[in-house]
2 protein chains.
Amino acid sequence: MRKNGLSRLIDVAVAAGVSRSTASNVFSAPDRVRPELRERVEAAARALGYLGPDPRAKLLRAGKVNAIGVIPPAELGVADTLRNPVFAKFLLGVGEACDMRGASLLVIPDGPAHHGTRSALVDGLIFGRIEHLGMVRPAQLRRLPFAVVDFDAGPEIGTVKVDSRLGSCEAARHLIALGHRRFAIVSFLRSAGPARVYPPSRHRSPEVAGMFIDQEKLRGYADAFSEAGLDIAEVPIVQANPWDIAAAPIVLDAAPEATAILSMSVMQALAVVKEARRRGIAVPSQLSVVGYNDIAEAAQSEPPLTTIDARGVDKGRLAAEMVFAGGPPRQEILVPRLVIRQSTAPPPRR
Amino acid sequence: MRKNGLSRLIDVAVAAGVSRSTASNVFSAPDRVRPELRERVEAAARALGYLGPDPRAKLLRAGKVNAIGVIPPAELGVADTLRNPVFAKFLLGVGEACDMRGASLLVIPDGPAHHGTRSALVDGLIFGRIEHLGMVRPAQLRRLPFAVVDFDAGPEIGTVKVDSRLGSCEAARHLIALGHRRFAIVSFLRSAGPARVYPPSRHRSPEVAGMFIDQEKLRGYADAFSEAGLDIAEVPIVQANPWDIAAAPIVLDAAPEATAILSMSVMQALAVVKEARRRGIAVPSQLSVVGYNDIAEAAQSEPPLTTIDARGVDKGRLAAEMVFAGGPPRQEILVPRLVIRQSTAPPPRR
DNA sequence: ACAAAATTTTGGATCGATCCAAGAAATCAT
DNA sequence: ATGATTTCTTGGATCGATCCAAAATTTTGT
């Protein structure tokens, strides 16, 4: 017994009259110990209340923790991460991969100085956002397997991406195929603040052009428009914080003549549907709405929302499998899928 | 530089021409080292690509990991845990507490032999269910601070509980106060399988009496009924797996004359509302429904669901704070709150 | 019964740092 | 310049296990 009251492997060994190594073997390789001796050691362990090797010490030698770490987008804490339904789906995928190997999942809020990356006790890391590019090198140097998600970090680094340009293109194509010609787009506003409206003709202003991920999606919309001989420059764009559902009325006001709304976020799309119904605009017969990302609420909305399944779960699973598997870095690109529900229909006749 | 390519503190020390201790101090107590020397060490570290003390070794001495572990109900893996909205709320609360201390959150799927409990690298543990009672002793012996949630483990052990008897009593009181007299109860079926109906008079059968948590809630309903001079024995009970929303039709069929449904799960309550509307039964004017547990879907349902807020977030936060704070074991009992929305109204006149 | 082979057990070294008491160097007082 | 302080730096011990090669023991073959 020690001063701190906990007994160690060596205490057990002494009590059982064997060497440390033998005692160690009883716990980690029982077959190597003669049954008789093994029982003696086990009895001693029981008597001392010894619970098996201390995971910390074990770790020091073995180096394996049996856990994977996920570092959420920079500004998010643990709670925010869990609260965000889109990110939660991703986490779910990571969780699935963990379950396959019986590993644990660590959510690491990234404090200042990337303390999390440097000190987390994990076998590998998954970086969730662009802001983490600076942490890639530290992780590399720590020789920790890791993968990045949703951004390009070069061929040296395992990556899982979703082709969001294609995804939003599909969304727009779907509406165009239904016959829509008058649209409005709900885009992202990264900086905090109220929604902003960009009427047609103001698209080339730097605020619109300068966004990052959203830019991909905007290109996707533009692809579909030009395929159909339409010009995206004639479509009004509303930028809103993806979670600021109070922006829905602004969207509807900004494009009263639109028959279809393309939203880069699900939450906005759901909010627009709700607001439209509140105003007595029938969805989908008078107004069609397509979102981006498929979450539970989308299926349960009234009417259920047509949206893009951005493969969040698969993304998480693949990233985690990459980390677990080790091996040379791979680049995976997932293809988003259009999920057609009841928020889209041909435009009303005039 | 080592064979494995990673440099250690000692390599840095040698390169800088100082002792290990001094090098160590540069990273953990910079003020103790003369600026000139410190810079020399830092330069050496940079040159060798040394990233600071290895968290694993640090841990062996210090014992702190800056992470808290949550062990979900036995049969759930990591993914199931995140998928379950009720448990996810609890996790959210734990996450909030983590954010306050900048700690990480580890979700530990509990494999066979409680391997997780024994080997998880955390500063403390939270046990999420009755099945974990057997793991309490191991944790105690490991001298790990821990808390249990939702079940009584004796005065020696920190506990956060929610008074579910009171919660369900409130639910029933609410309906009774609105004037309802004919009810049906949706209870839990722990074993897998299809829903079962227990008409009045069969309440005392062992399947009904033998359930655990649900028993508390049933008592709560009974409390409210007897306050109003009603007898719960006259109320039909449907037992269904809490997630088996296919059971909703069975509920409505089992009690066609009921004007109000008391459900022990939110999901069932939401399913019942949906099914009722599908059948053309107006909610709440013809049928009132009260759930138990408040999740996002409940507020977004059509109509929004009246339900019991079982304080999931607070429960998680308190449990985590207990673990972080250490100190003598406390027993917290949270009081559930009735959240009145639009799924309840006075019964229809006949 | 004795050597050879197979199985068990053992002690020393190691994983990568931190702590602490003691030694060395620099600063100050007289 | 000498001793007394104060500030830095150092090596040895430690955290709690595992690994490995060598020693001890048991089993097998003839």
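The figures that follow rest on heavy atoms only: side chains count, while hydrogens, waters and symmetry mates do not. Chain A is the first sequence line, chain B the second, and so forth, proteins listed ahead of strands; every chain is numbered from 1.
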Nearest-angstrom distance from the residue atom [atom1] of [X] to [atom2] of [N]:
X      : N      : atom1 : atom2 : answer
A:N25  : D:dA17 : CG    : C1'   : 12 Å
A:L121 : C:dG16 : CG    : P     : 14 Å
B:L51  : C:dG16 : CG    : P     : 14 Å
B:I10  : C:dT18 : CD1   : C1'   : 13 Å
A:L37  : D:dT25 : CG    : P     : 12 Å
B:R56  : D:dG16 : CZ    : C1'   : 15 Å
A:D11  : D:dG16 : CG    : P     : 9 Å
B:L60  : C:dC15 : CG    : P     : 14 Å

Original post:
Does one side chain, of A:S19 or A:T22, offer a donor that lies under 3.5 Å from an acceptor on the other?
Top reply: yes
Between [options], which nucleotide gets closest to the side-chain atoms of [X]?
X     : options                : answer
A:R61 : D:dG16, C:dT9, C:dT14  : C:dT14
B:R20 : C:dG16, D:dT18, D:dG12 : D:dG12
B:R8  : C:dG16, D:dT9, C:dT10  : C:dG16
B:S19 : D:dT10, D:dG16, C:dT8  : D:dT10
A:V18 : C:dT10, D:dG11, C:dC15 : C:dT10
A:S21 : C:dC20, D:dC20, D:dA17 : D:dC20

Do [X] and [Y] sit within salt-bridge range, that is, some charged N less than 4.0 Å from a carboxylate O?
X     : Y     : result
A:R38 : A:E36 : no
A:R40 : A:E42 : no
B:E96 : A:R83 : yes

Original post:
Quick check: does any side chain N or O of A:D99 sit under 3.5 Å from a backbone N or O of B:V78, one acting as donor and the other as acceptor?
Top reply: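 Yes, A:D99 side chain to B:V78 backbone: donor-acceptor pair under 3.5 Å.
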**OP:** For A:S24 and for B:A23, find the nucleotide of DNA chain D with the closest heavy atom, then tell me which residue's nucleotide is more 5'.
**Re:** B:A23
Classify the nucleic acid contact of [X] as base, sugar-phosphate or nothing, counting any heavy atom under 4.0 Å across all strands shown.
X     : answer
A:L59 : nothing
A:R34 : sugar-phosphate
A:F27 : nothing

Subject >> A:Y50 side chain near D:dG16 phosphate (N/O to OP1/OP2, under 4.0 Å) >> reply: no
Subject >> Given DNA chain C, 5'-ward residue of the pair B:G52 and A:V33, judged by closest heavy atom >> reply: A:V33
